[in-house]
Amino acid sequence: MELINITLPDGNVKQYPKGTTGLEIAQSISEGLMRNVLAAKINGEIWDATRPIFADSHLQLLTWKDTEGKATFWHSSAHLLAEAIEALYPKTKFGIGPAIEQGFYYDIELPDGKMLSQEQFEEIEKKMLELARQKNTYQRTEVSKADAIQYFTEKGDEYKLELIEGLTDGQITFYQQGNFTDLCRGPHIPNTGFIKAVKLMNVAGAYWRGDVTRKQLTRIYAVSFPQEKELKEYLTLLEEAKKRDHRKLGKELELFTFSENVGMGLPLWLPKGTLLRERLENFLRKAQVKAGYSPVVTPHIGSKKLYEISGHWEKYGKDSFQPIYTPEEGEQFLLKPMNCPHHCEIFASKPRSYKDLPLRLAEFGTVYRYEQSGELHGLTRVRGFTQDDAHIFCRTDQVKDEFGKVIDLVLYVFRSLGFSEYTAQVSIRDKSDLGKYLGDPADWEMAEKGIEEVALEKGLNIVIEEGEAAFYGPKLDFMVKDALGRKWQLGTVQVDYQLPKRFKLEYIGADNQKHCPVMIHRAPFGSLERFIAVLTEHCAGDFPLWLAPEQIAVLPISEKYHEYAHQVLTALEESDIRGYLDERDEKIQRKIRDAEVKKIPYMIIVGEKEQAEGRISIRKHHEGDKGSTTLEDFIGQFKTEIAHVKQ
RNA sequence: GCCUCUGUAGCUCAGCUGGUAGAGCAACUGACUUGUAAUCAGUAGGUCGUUGGUUCGAUUCCGACCGGGGGCUCCA
């Protein structure tokens, strides 16, 4: 019998008969491994674990722990979903059914224009599990294009036929499990029995091939797991996320609201939310002054001309809020969608020398952008928002250094706010299509290299994304991971060679010649709205002490101690500690409960004892009674607790 | 914009198959004067998102519009 060499991930080489499968190799290692193998990675390519191997190969067995193993599992689950739907609703047509980040979906079209609703979920889930228990194998067959076309013509599935049209004859495969056959590249898990838990999440409309001009299919989102327990954990996580939803907490904690009369996507900041916002602003303002930024203020509207110069009108104009006109002359103005053109004009307001650079202009600039109604979402997608914007005008040779300084600032912001896990995504040019980028290739080269170098120097965990750069320059985006492990894109830093040219910006260099500066756009928060949304969900509404809109609640035991309570509150306010006094005729238990629900970090309880001894009793949110202390000591501790943040 | 779900008092929600609405909390009034997560009683509060239609009659059925949620990039 002929043997082949299989190299395992640890470097060991073992010999197996030609035609052996990943599954058989797993079995030779251990029975337990065999039960967990979902797919096999052969020389970097993912295969069915049941597909025979005929040549010497590097092999990695994929399980649920591997991202690719999960993806295979979910993709196979999508087939199971389709099988169940076909069994329940014959003549259903199928689009595509891929695995996604968390689960999978299948785009389908039910016969006779019928729609699917949540009511049918249970029935489908039941069917899926029933089919899963049959432990049907996923059978791979290679088919000719003609046979593939014949099969789906007979089945009457024009979506699959369209997909086949785009494929090359000789590279087409079908997979069959039970009575369901699907056009599929694979790979798949060994059999449906691996799927122990399924849950349909929701249905949504999705255009065929993402094209708005084409038919909208029904997309069914679902997740599946190899163990019932994992589904439960996943659902618990979703519940936790729901509890932390910034829209829910924003309402409960009275941070912001929306009004139909004001307009959708236009947040109204309530007093407590405004306090939070202002603290964030002041915090960054202070850090920016220290980092050499100059605050500026520009109007909320700008002449349409300004945006014609910047190019934004041409690029975004038709999808934007439309111009407003002056009554007499009919001049056109736009609600500003960007602060950069205004800042460019500030740069241009007087002659600049190379010695003036870098010039860093910062503004908490509120901008307005038209988002499609369906895109709006709480504070994360809105039509009016405030960017913690700044533009750094510098020389080409200063780009790297300035980039480094911006990274320092962003990291300082993240650390101060309790985001400890973050990565940086560096977006550079698509090397195969350099023509579409504006600016001197040599400058690009220098900037791309500089960004990567400086990001690594700063110890950032970076991911390079080729082809993701904007046409006007490379960029770096910060992704943070929140307390539930969800990823959010926050701060961004972008190099721009384009805008300074369009505005004909110039400075006099050491050579007494005119030069065009480079511009760096940057926003550590991104937008205050989005940032506060992410922060709220990250800390579940328990804001860091220095940010909490109300830091303390003074709770007198009864009316008799109101005067003493007033004295305490006044003393705290004089030390810049913000809080409120609960003077209601309620029992102390009630006052405490209400303060806990409002997530007030500290409660100060004063009654007979405290008044007599000139002390206060402390209770901490989530932690309970902390005993009594003097006012001075408490203020001292309080200050120490927030000292790490320069406010 | 499109698909889908959804819209009842300030908030959270109940209201079976059509007969013009109910609870808890909040608010207000009063009593209680309180020791570490909800004191008791009373009062008030809604043209059931808007607007057409079906019907003797609609919060309940149908349509349109408005708002909210989920989704519309993940390529067999």
(message) When the P atoms of B:rU29 and B:rG70 are compared, how many Å lie between them, rounded to an integer?
(response) 40 Å

What contact category does [X] fall into here, base, sugar-phosphate, or nothing, at under 4.0 angstrom with non-hydrogen atoms?
X      : value
A:G627 : nothing
A:E254 : nothing
A:Y221 : sugar-phosphate
A:N202 : sugar-phosphate
A:E559 : base
A:E608 : base
A:G374 : base
A:Q171 : base

(request) When you get a sec, tell me which of B:rC66, B:rU39, B:rA37 is the closest nucleotide to the side chain of A:R590? (result) B:rU39

(request) May I ask you to verify whether the side chain of A:D585 and the base of B:rC32 hold a donor-acceptor pair under 3.5 Å? (result) yes

(message) Quick check: any donor-acceptor pair below 3.5 Å linking the side-chain of A:Y561 to the base of B:rG35?
(response) no

Contact under 4.0 Å: [X] side-chain N or O vs [N] OP1/OP2:
X      : N      : value
A:R593 : B:rU36 : no
A:R619 : B:rA37 : yes
A:H377 : B:rG70 : yes

Assigned partner base of [N], Watson-Crick or wobble definition, under 3.5 Å:
N      : result
B:rU51 : B:rG63
B:rA41 : B:rU29
B:rG1  : B:rC72

(message) Using the ring centroid of each side chain, check whether A:H566 and A:H562 are separated by less than 6.0 Å.
(response) no

